[in-house]
Amino acid sequence: MSDSTVTQSEGREEVAVPQAVTGEGRRGARAFAARLRHPRRPRLWFEILLIAVSYWTYSLIRNAVPEQKAEALRNADWIWRAEHTMGIAAEQSVNRAVNSVHWLIVGMNYYYATLHFLITIGVLVWLYRWHPGRYAATRTVLFATTGVALLGYYLFPLAPPRLMRGGRFVDTVMVHHTWGSMASGDLKHMSNQYAAMPSMHIGWSLWCGLTVFALTSVPWVRVLGLLYPTLTLLVIVATANHFWLDAVGGVLCLSFGFAAARVWYGALPYRLPRVAPAGALRPAPATSP
C-alpha cells in the first residue's frame, strides 16, 4: 500500500510539471506575438539588413521561376484579346506615339530603370526618420505586396508586350540603346523575362504615392505623391514592359499587403501613432494560481 501511494504521488508530480511549463510557454508565446504587433521604434541596422536580405531573396525567387516561354506568350495573346474585348487595348498606340518623341522615350526608359528603386528606398528612409511608429506596419505592406507577387510570377507566366510575336510593339530600350533595364539589352539574361504579371512598378509606386499622400500635410507634396504612380503607369505602357491588366494585378497585390498589415497590427498603418512608445510592450506579470 505504501509503494502504491508513492507511485501515485510521483505520477501526479510528473503530470503537474509539464502543465506548468506549458502554461508559461503559452504566456511567453502570447507576449512575444504582442511585442511583434506593437508599434515600436525600428532599429537601423536591422532594417538595412532586412531590406537587403528580402530584396536578394525576392530577386532570387523571381528569377528562379522557370521561364515558360510558350505559356507566357500564350498568356500574352490571351491578355491582349481580353483587353480588346474590354475596349482598353491602347498599349500599342501609346507605345508607338511616345516612341516617336526621342527625348521623351529615352527619359521614360531611364525612369523605368531607376526610379522604381530610388523613390521606394527614399520613402522608406523618410518613414524611418519622421514616422517611426508607422514604419514597421507600412514596411509590412510593401513586403506582403512583394511576397504575394511571387505567386503571380509562378502561376501566371506572362510575356511583356515588347516580346509578343509579330513585332506589334517597340522594345524602346533596344531601339534607343539606353542602359539600366533588367528587362532588355545586355542585362536581359539576368532577369526572368516572363514575370510581367503583376507589375511591381505599379505596386511599389502606388505604395509610395499613398504613403506620401496620407502622411504629409504639404499640398504640393501630396499631389506629387499621387502623380508618381500615375506617371509610372504611363511609363510601363509606353516602354512596352506591361499591359494595363498587369497594373491591375499590382493594385490587387497592394490591397493584399494592406489587408495583411491591418490584420497583424489591428489598424491601417497610417492610423498608427507617428512616434512609437518609448518602451517595448511588456507582458503582464503572471498571477498566482
Side-chain angles (χ1 to χ4, degrees), residues 72-73 75-120 122-123 149 152-153 158-188 190-210 212-213 220 223-254:
L73 290 171
N75 287 338
D77 289 337
W78 181 86
I79 289 284
W80 190 231
R81 290 195 303 270
E83 289 194 350
H84 273 91
T85 301
M86 292 183 284
I88 61 173
E91 292 94 333
Q92 187 177 20
S93 299
V94 174
N95 171 235
R96 293 188 176 276
V98 177
N99 183 67
S100 64
V101 184
H102 182 266
W103 64 267
L104 181 57
I105 194 60
V106 167
M108 286 189 172
N109 283 341
Y110 289 129
Y111 179 113
Y112 184 87
T114 59
L115 293 191
H116 181 49
F117 304 103
L118 296 178
I119 292 185
T120 302
V123 172
Y153 302 147
L158 179 66
R162 60 187 174 77
L163 292 182
M164 287 183 68
R165 291 168 290 209
R168 302 171 184 172
F169 291 86
V170 178
D171 187 335
T172 60
V173 170
M174 291 292 291
V175 169
H176 298 281
H177 307 289
T178 49
W179 57 266
S181 175
M182 297 294 289
S184 298
D186 295 334
L187 297 176
K188 66 182 179 181
M190 298 173 62
S191 178
N192 184 359
Q193 296 297 287
Y194 303 106
M197 171 66 84
S199 168
M200 280 299 93
H201 273 75
I202 292 300
W204 288 14
S205 66
L206 188 56
W207 174 86
C208 292
L210 291 176
V212 170
F213 180 81
W220 67 268
V223 171
L224 286 180
L226 296 182
L227 283 177
Y228 174 51
T230 304
L231 183 56
T232 299
L233 177 60
L234 176 60
V235 167
I236 66 172
V237 171
T239 57
N241 280 293
H242 289 283
F243 296 99
W244 298 122
L245 290 181
D246 298 345
V248 174
V251 173
L252 292 177
C253 288
L254 183 64

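Computed over heavy atoms, backbone and side chain alike; hydrogens, waters and symmetry mates excluded.
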Task: Inter-residue atom distance F169.CZ - R162.CZ, 0.5 Å rounding - done: 12.0 Å
- [ ] Supply the atom-to-atom distance L233 CG to H242 NE2, rounded to the nearest 0.5 angstrom.
- [x] 10.5 Å
Open item on the list: Could you walk me through whether T239 and N109 satisfy the side chain to side chain contact (heavy atoms under 4.5 Å, CB included) test, starting with their C-alpha distance in whole Å, then the side-chain angles of each, then the deciding distance to 0.1 Å, before giving a yes or no?
Closed with: CA-CA 7 Å; T239 57; N109 283 341; 3.5 Å; yes
Open item on the list: Nearest 0.5 Å, please: how far is OH in Y111 from CD1 in I236?
Closed with: 10.0 Å
Open item on the list: Distance alone, cut at 3.5 Å: any donor-acceptor contact between the side chains of S199 and D246?
Closed with: no
Atom pairs and distances, donor-acceptor, side-chain atoms in residues 201-209, under 3.5 Å, two or more places apart:
from, atom 1, to, atom 2, distance (Å)
H201, NE2, Y112, O, 2.9
W204, NE1, T146, OG1, 3.0
S205, OG, H201, O, 2.7
S205, OG, I202, O, 3.2
W207, NE1, T138, O, 3.0

Task: Interatomic spacing from OG1 in T120 to CG in L115 - rounded to 0.5 Å - done: 9.5 Å
- [ ] Hey, could you give me the CE/CD distance between M164 and Q92, rounded to the nearest 0.5 Å?
- [x] 9.0 Å
Task: Taking every non-hydrogen atom, the tightest pair across A76 and A159 - done: CB-O, 3.6 Å
TODO: Would you check if the side chain of R165 reaches a backbone N or O of D77 as a donor-acceptor pair within less than 3.5 Å?
DONE: no
Task: Check: H84 side chain, W80 main-chain N or O, donor-acceptor pair, under 3.5 Å - done: yes
Task: Within-4.5 Å side-chain heavy-atom neighbours: V98 and M108 - done: yes
Open item on the list: I want to check something: taking the side chain as every heavy atom from C-beta on, are V173 and D171 in contact at a cut-off of under 4.5 Å?
Closed with: yes
TODO: Take V251 and V248, measure what side chain to side chain contact (heavy atoms under 4.5 Å, CB included) needs, and give me the verdict at the end.
DONE: CA-CA 5 Å; V251 173; V248 174; 5.6 Å; no
TODO: Would you give the length of the straight line joining atom OH of Y194 to atom CG of L73, rounded to the nearest 0.5 angstrom?
DONE: 5.5 Å
TODO: Compute whether any side-chain donor of one residue and acceptor of the other, for T172 and N99, lie under 3.5 angstrom apart.
DONE: no
Task: Any C253 side-chain heavy atom under 4.5 Å of M200 side chain - done: yes
Open item on the list: Taking W244's backbone N and O only, do any of them form a donor-acceptor pair with E83's side chain (distance below 3.5 Å, no angle check)?
Closed with: yes
Open item on the list: For a quick test of reading the model, state the closest non-hydrogen atom pair linking P198 to G250 and the distance between them.
Closed with: CB-N, 3.4 Å
Open item on the list: Using every non-hydrogen atom in the two residues, find where V170 and A240 come nearest and quote the distance to one decimal.
Closed with: O-CB, 3.6 Å
- [ ] Flag the pair F243 / L158 as yes when at least one side-chain heavy-atom distance between them is below 4.5 Å, and no otherwise.
- [x] yes
